[in-house]
Amino acid sequence: MRSRRRTRKREEKKDQIKKDTKAIGSGDGLDDSLEANLEELKRRMHASPDLIVRRFELGSDHRVEIAVAYIENLVADEKVNKFVMDALLRNSEAHRTITLDTAFDWIKENALASGEAKVSTGWDSLLMGLLSGNTVVFVEGWNETVLAHTAHLVNRSVEEAGTEVAIRGPRDSFIEAIQTNISLIRRRIKSPDLRLETLRLGKVSRTEVAIMYIQGIANTKMVAEVRKRIKRIEIDGMLEGGMIEEFIEDKTFTLFPTIYYSERPDTISANLLEGRVAVIVDGTPFVLIAPTTFAQFFHSADDYYQRFDIATFLRFLRVATYGIATLGPSIYIALTTFHHEMVPIALLLSLAAQREGVPFPAVVEAMIMEIIFEFLREAGVRMPRIVGGAVTVVGAVVLGQAVVEAGLVSQAMVIVVSLTAVSSFAVPATHIQPSSRLLRFLFMISAATLGFFGMMVVMIGVLAHMCSLRSFGVPYLKPFAPFILSDHKDTLFRFPIWAHRKRPLWTSEKPERIEKGQSPTPPSSDGES
């Protein structure tokens, strides 16, 4: 008889819950009814089959109903059993004193063994914690829940950087876990002034994004501008830092990247010490840096780990290779098509002999070879690593020899295109390479049309465009245009470390270096941007 009465009351309560579900779901706060909260949780999760809900009772004298909910594939089972279930069910002596009024406080303070337990009072934070791998503990009569950290973290180990190879220096690199990436930076900058701000982007993905800067060094207006541009991003899913890059860059329609990224913690730490701002996105090993200048793409991490004279020579070499990668084929086309008088007679006769029997003009030869090389480059990137390199090398050798023997291109053109291809890989920043690859075709067309005069017209247009670019208000060609003599100690030249007494004027709130025993002064409100 008593069991029937309980069953009837339970059914009546469920009917009332169904009537009130719409009202409960419209607000963000939790209900103090356990049944109502569980029904609302199932409704919001659309009764997902991997949502596990386990119910039991605490207390011997006053039975208190509690429920534990988690996503099956996101939690570590051993953590749930050890830190949540065992912690709640053990210690039967303490259960006798539990009442409805003290149950929640007892669970929050004594029961859970997880060191990262948080209290949630709203559905947004509860669902975010649940979908992040936390276990939610509901208590009858309380409109609060406890989130216990039980996430099953699957991360690859910290390895050597794959895209930024350095001869000398640290071998660690960022991974896809944002917390690990933050710790790699804090390991190098052990300062309380290293500030960290986190937010979530993506209405559906809810991706965690972190902004890091050094208070007192980074320009306050720069930090505020980065924060404002990131917060106004509205998108369903944020999966990689490149998506943020397109939202926050000053100019979209340009071949030149205006935001720098790196997967080396030492590179990011060095940029933070210069007053720049780092943007870390969960799920990607690449960290964004703003603001950015054009000279920054020719710097390598190991420039600062070897002698300054060698580093300076290598930087000039990289700039030269970028110029060859951009202008190499166009210079050959201009010389062989319009400006024969600039070529020595012996070399001119040799080139003419090689071109005898070739049915195409020089510009068509260059286009054929460049397009073939782009095919091989893309195939080498997309093919499996085991065979990708072999196919690229064999394809280049076989196709190059075949087109020469077939009389489609001359041997000199094969040499020019090969030198151009090798030069394009000498620039340490891979995200500046596409600009030279695309500009190469524009310069080839201009060289075939008007020779060196056409190339100069295009060159003036490209330089004017670069002068118009800004990275968070900072001129892209700074400190060359506008020219700042004091900032040339670390551009194309790399002066000795002891000579770098000031930070870049356009990024830092405090240009002077911090001496030993001196802490940075609080930033002023009128910092330059």
Side-chain angles (χ1 to χ4, degrees), residues 159-174 184-185 187-189 256-257 260-276 278 286-287 289 291-328 418-437 466 476-481 483-508 511-515:
E159 302 171 349
E160 186 175 355
T163 58
E164 298 176 78
V165 181
I167 300 174
R168 182 179 177 180
R171 301 297 181 184
D172 56 346
S173 66
F174 294 121
L184 290 174
I185 296 176
R187 181 181 177 184
R188 287 168 169 80
I189 305 177
F256 299 94
Y260 188 86
Y261 65 80
S262 174
E263 61 175 334
R264 294 182 60 95
D266 56 337
T267 300
I268 300 301
S269 301
N271 281 276
L272 289 174
L273 291 171
E274 289 185 349
R276 293 183 171 90
F286 295 97
V287 176
I289 280 290
T292 301
T293 58
F294 183 66
Q296 190 175 352
F297 295 98
F298 299 96
H299 298 178
S300 178
D302 52 359
D303 288 349
Y304 305 93
Y305 309 141
Q306 57 186 340
R307 286 184 54 83
F308 68 95
D309 47 358
I310 302 298
T312 301
F313 169 74
L314 292 177
R315 287 185 180 181
F316 275 94
L317 188 65
R318 293 167 195 151
V319 174
T321 56
Y322 182 82
I324 294 174
T326 306
L327 303 175
S418 301
L419 179 61
T420 302
V422 173
S423 300
S424 64
F425 292 109
V427 181
T430 57
H431 39 306
I432 196 65
Q433 294 177 8
S435 63
S436 65
R437 292 163 58 185
M466 295 177 69
Y476 194 55
L477 292 182
K478 217 169 185 179
F480 300 99
F483 186 81
I484 302 176
L485 181 61
S486 60
D487 288 337
H488 279 268
K489 295 181 179 180
D490 192 21
T491 50
L492 295 182
F493 296 93
R494 208 280 275 171
F495 279 37
I497 298 296
W498 52 262
H500 297 176
R501 299 185 180 276
K502 291 186 178 181
R503 299 182 180 90
L505 295 175
W506 65 89
T507 61
S508 178
E512 293 78 11
R513 296 292 184 190
I514 300 175
E515 303 295 338

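Note that the structure is a prediction, hence the values are computed from the model and not measured.
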- Do V287 and S262 touch side chain to side chain, with heavy atoms closer than 4.5 Å? no

- Message: Between F316 and F493, is there a side-chain heavy-atom distance shorter than 4.5 Å?
- Response: yes

Throw together a table of side-chain donor-acceptor distances under 3.5 angstrom for residues 419-430, partners on residues two or more places apart or in other chains.
{"residue": "T420", "atom": "OG1", "partner": "V416", "partner atom": "O", "Å": "2.8"}
{"residue": "S423", "atom": "OG", "partner": "L419", "partner atom": "O", "Å": "2.8"}
{"residue": "S424", "atom": "OG", "partner": "A421", "partner atom": "O", "Å": "2.6"}

- Query: Do you know which two heavy atoms are closest between R318 and D302, and how far apart they sit?
  - Reply: NH2-OD1, 4.5 Å

- Message: Please find the pair of heavy atoms, one from D490 and one from H299, that lie closest to each other, and give the distance.
- Response: O-CE1, 3.1 Å

- With a 4.5 Å heavy-atom cut-off, do F298 and R315 have their side chains touching? no

- Query: Are F297 and Y260 an aromatic pair by the rule of ring centers under 6.0 Å?
  - Reply: yes

- Task: Grab the two heavy atoms, one from R494 and one from R307, that are nearest each other, plus how far apart they are.
- Result: NH2-C, 3.7 Å

- From CA spacing to verdict: ring-ring contact (aromatic ring centres under 6.0 Å, His included), Y261, H431: CA-CA 8 Å; Y261 65 80; H431 39 306; 3.9 Å; yes

- Message: A quick test of your reading: do over 12 heavy atoms of other residues, nucleotides or ligands sit less than 6.0 Å from CZ of R187?
- Response: no

- Message: So L184 and F174, do their side chains get closer than 4.5 Å, heavy atoms only?
- Response: yes

- Task: Tell me, with the steps shown, if L492 and T312 meet side-chain contact (heavy atoms from CB on, under 4.5 Å).
- Result: CA-CA 7 Å; L492 295 182; T312 301; over 6 Å; no

- Message: Can you tell me how far apart CZ (F256) and CG (L477) are? Round to the nearest 0.5 Å.
- Response: 8.5 Å

- Query: Hey, what do you get for CG (D303) to CZ (R168), rounding to the nearest 0.5 Å?
  - Reply: 12.5 Å

- Candidate pair S173 and E160, rule side-chain hydrogen bond (donor to acceptor under 3.5 Å, both in side chains), full reasoning: CA-CA 6 Å; S173 66; E160 186 175 355; over 6 Å; no

- What's the shortest heavy-atom distance between A278 and I268, and which atoms? CB-CG2, 3.9 Å

- May I ask you to say whether D172 pairs ionically with R188, meaning some side-chain N is under 4.0 Å from a carboxylate O? yes

- Query: Crowded around I167 CD1? As in, over 12 foreign heavy atoms under 6.0 Å?
  - Reply: no

- Note on the structure: One should read off an interatomic distance between Q296 CD and E274 CD, to the nearest 0.5 angstrom, of 7.5 Å

- Take F480 and F294 through the ring-ring contact (aromatic ring centres under 6.0 Å, His included) test and state the conclusion after the steps. CA-CA 10 Å; F480 300 99; F294 183 66; 8.6 Å; no

- Item | I324 side, atom CD1; L317 side, atom CG - distance, nearest 0.5 Å | 8.5 Å

- Note on the structure: When rounded to the nearest 0.5 Å, the distance separating CZ of R437 from CD1 of I432 is 12.5 Å

- Do the two ring centres, one from H500 and one from F495, sit under 6.0 Å apart? no

- Message: If we ignore hydrogens and angles and just use 3.5 Å, is the side chain of K478 paired with the main-chain N or O of F483 as donor and acceptor?
- Response: no

- Note on the structure: Output for pair (I289 CD1, N271 CG), nearest 0.5 Å, gives 4.5 Å

- S435 versus Y322, side-chain donor and acceptor atoms under 3.5 Å: yes

- Nearest heavy-atom pair of P170 and R264: which atoms, and what distance? O-NH2, 3.1 Å

- How about Y304 and D266: does a side-chain donor come under 3.5 Å of a side-chain acceptor? no

